[in-house]
S.K.: 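Here it is: the structure, laid out below.
The structure presented is a predicted model; accordingly, all values stated were derived computationally and were not measured.
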Amino acid sequence: METVRNLDMTPPAPSGRTDAFLKAVRHTLWDFLTGKNSFRSFQDRYRFNIIRWSASHFRTPSLMERAILLLRTDNPLKTAYEDFQRKYAHLFGRWEMEAVRKVNLTLIELGRTPFYPHKRNIDRMLDDVYKGIKKLQGYKGCPDMKNERLLLATYRYMFAAPSDSRYGTLCPDELCGMLEQHGVDRRELCRQNYGGLFRDGTTALYETETDGNGNRYLRPSGHVRLERSPMGWSMHVPQNTIQREKEPAVSLSDMEPSKKVERVSRPSKKKKTGQRKTGSVKIK
């Protein structure tokens, strides 16, 4: 019987930023002590500069000229430090990509997990995602994990809400898709009333509003009802909550004039007097 061997010789990615730093230091020291020694490469570059100078000037350089060529050659410590930086950037990038991939794969698995029965490893998976996101924050150039944080908060709230066997085939990803189809923004998914939805099958949709003082509050924007059909789960607006269309407002120009005849008042004649009206003067 033939055995299948793993031909992938790529070393595993570091487990964190500290591990990437230690591996970069270890690889740099190993190169320093083996054939990739920076001092040996420094000697080779210095010897090459002398040969190139002699070929261009048709003579051997003097001691002063050799000293100048020595100073112009790259410092071996600088070369070793640049080599360390390249190795650390490579290992750090591999760890970052692997950490982001693990977080997204766990979120995808959580989104496909039904609400009932509640598995024991759900809390562990949620904690792993939280720790993974926390490791990827707090340093310069860290990735933007805003969508992952919002999705984690939504899934944590959904699984914390009590559910029964009726929702054995309903998944968080499917429920989020139905809510988004009814106008719920992805940023507002973690603020919905999932406890009332699983208990009564009907809940109000909420959205965040801000008043004039900058205070934020939740305002109901509508109602939805979750029902199970032979084709699967569906969400619709209850009939008793559909608002009737208001009658169009009538403008003043479209209103008919009143049939009541108003009495026309004639202007009263003022008696003419010989006195002339003068303005009042303020006494100081």
Side-chain angles (χ1 to χ4, degrees), residues 4-38 41 74-115 118-160 171-177 179-180 184-192 208:
V4 180
R5 296 181 180 180
N6 187 9
L7 301 179
D8 188 8
M9 304 300 294
T10 305
S15 59
R17 286 182 287 175
T18 305
D19 190 20
F21 177 82
L22 294 177
K23 283 187 176 181
V25 172
R26 185 167 64 250
H27 293 170
T28 304
L29 290 176
W30 176 257
D31 293 343
F32 184 80
L33 298 175
T34 55
K36 297 181 181 180
N37 193 337
S38 58
S41 61
D74 293 338
N75 191 350
L77 297 178
K78 180 182 178 181
T79 304
Y81 180 70
E82 291 177 352
D83 187 29
F84 163 76
Q85 284 185 327
R86 287 193 298 269
K87 287 181 171 56
Y88 177 69
H90 174 68
L91 293 172
F92 184 81
R94 287 190 56 199
W95 164 77
E96 202 172 54
M97 292 178 60
E98 185 67 19
V100 173
R101 188 181 70 86
K102 285 183 179 179
V103 168
N104 284 276
L105 287 177
T106 308
L107 287 174
I108 292 174
E109 185 178 356
L110 285 170
R112 296 174 179 176
T113 303
F115 290 109
H118 188 76
K119 297 182 179 180
R120 295 181 179 179
N121 60 343
I122 292 296
D123 296 333
R124 180 183 57 81
M125 294 171 65
L126 292 172
D127 292 339
D128 291 343
V129 174
Y130 173 75
K131 293 177 182 178
I133 294 175
K134 189 176 181 180
K135 288 181 180 179
L136 290 166
Q137 302 298 311
Y139 59 90
K140 185 178 180 181
C142 59
D144 185 15
M145 306 293 290
K146 184 177 181 180
N147 294 332
E148 285 79 2
R149 290 198 303 268
L150 291 174
L151 202 58
L152 173 63
T154 303
Y155 288 171
R156 189 183 293 276
Y157 188 19
M158 285 182 175
F159 283 111
C171 302
D173 194 11
E174 184 179 2
L175 182 57
C176 290
L179 289 173
E180 289 182 3
V184 179
D185 190 68
R186 181 168 295 184
R187 295 171 295 182
E188 307 292 341
L189 288 174
C190 58
R191 300 181 177 93
Q192 306 305 316
T208 306

S.K.: With sequence neighbours left out, write down each residue that passes side chain to side chain contact (heavy atoms under 4.5 Å, CB included) with Asp127, or none if nothing qualifies.
M.R.: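 In terms of side chain to side chain contact (heavy atoms under 4.5 Å, CB included), with neighbours along the sequence ignored, Asp127 is linked to Arg156.
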S.K.: In Å and rounded to the nearest 0.5 Å, what is the NE2 to NZ distance from His90 to Lys23?
M.R.: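 Separation between the atoms: 10.5 Å.
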S.K.: Drop me the distance from Leu110's CG to Tyr155's OH, to the nearest 0.5 angstrom.
M.R.: 7.5 Å
S.K.: Please name all residues satisfying side chain to side chain contact (heavy atoms under 4.5 Å, CB included) with Arg149, sequence neighbours left out, ordered by chain then number.
M.R.: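 Expected list: Ile133, Gln137, Met145, Lys146.
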S.K.: Can you name the side-chain hydrogen bond (donor to acceptor under 3.5 Å, both in side chains) partners of Glu96, sequence neighbours left out?
M.R.: Tyr139
S.K.: Measure the spacing between CG of Asn104 and CD of Glu148 and express it to the nearest 0.5 Å.
M.R.: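 Reported to 0.5 Å precision, the distance equals 5.0 Å.
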S.K.: Would you please name every residue forming a side chain to side chain contact (heavy atoms under 4.5 Å, CB included) with Gln85, sequence neighbours left out?
M.R.: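 Side chain to side chain contact (heavy atoms under 4.5 Å, CB included) list for Gln85, sorted by chain: Tyr81.
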S.K.: Near Tyr157 OH, under 6.0 Å, is it more than 12 heavy atoms from other residues, nucleotides or ligands?
M.R.: yes
S.K.: How close do Cys171 and Gly111 get, heavy atom to heavy atom, and via which atoms?
M.R.: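 So the two residues come closest at CB-O, 3.3 Å.
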S.K.: Hey, what do you get for OG1 (Thr154) to CZ (Arg191), rounding to the nearest 0.5 Å?
M.R.: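 Thr154 atom OG1 to Arg191 atom CZ measures 9.0 Å (nearest 0.5 Å).
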S.K.: Between Leu189 and Glu180, is a side chain to side chain contact (heavy atoms under 4.5 Å, CB included) present by the stated rule, with each step listed?
M.R.: CA-CA 8 Å; Leu189 288 174; Glu180 289 182 3; 3.7 Å; yes
S.K.: Is there a side-chain contact between Leu107 and Val129 (heavy atoms, below 4.5 Å)?
M.R.: yes
S.K.: Can you tell me how far the NE2 atom of His27 sits from the CG atom of Leu91, to the nearest 0.5 Å?
M.R.: 6.5 Å
S.K.: So, for Cys176 and Met158, which heavy atoms are closest and what is the spacing to 0.1 Å?
M.R.: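 Here Cys176 and Met158 meet closest at SG-CE, 3.3 Å.
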S.K.: Please list, chain by chain and in numerical order, all residues satisfying side chain to side chain contact (heavy atoms under 4.5 Å, CB included) with Asp128, sequence neighbours excluded.
M.R.: Arg124
S.K.: Drop me the distance from Asp19's CG to Trp95's CH2, to the nearest 0.5 angstrom.
M.R.: 10.5 Å
S.K.: Strictly by salt bridge (charged side-chain N to carboxylate O under 4.0 Å, His left out), give each pair with a member in residues 101-113 just once, sequence neighbours left out.
M.R.: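 Counting only pairs at least two positions apart or across chains, the salt bridge (charged side-chain N to carboxylate O under 4.0 Å, His left out) contacts touching residues 101-113 are Glu98-Arg101.
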S.K.: If you draw a 6.0 Å radius around CZ in Phe84, do more than 12 non-hydrogen atoms from other residues or ligands fall strictly inside?
M.R.: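 Counting other residues, nucleotides and ligands, CZ of Phe84 exceeds 12 neighbours.
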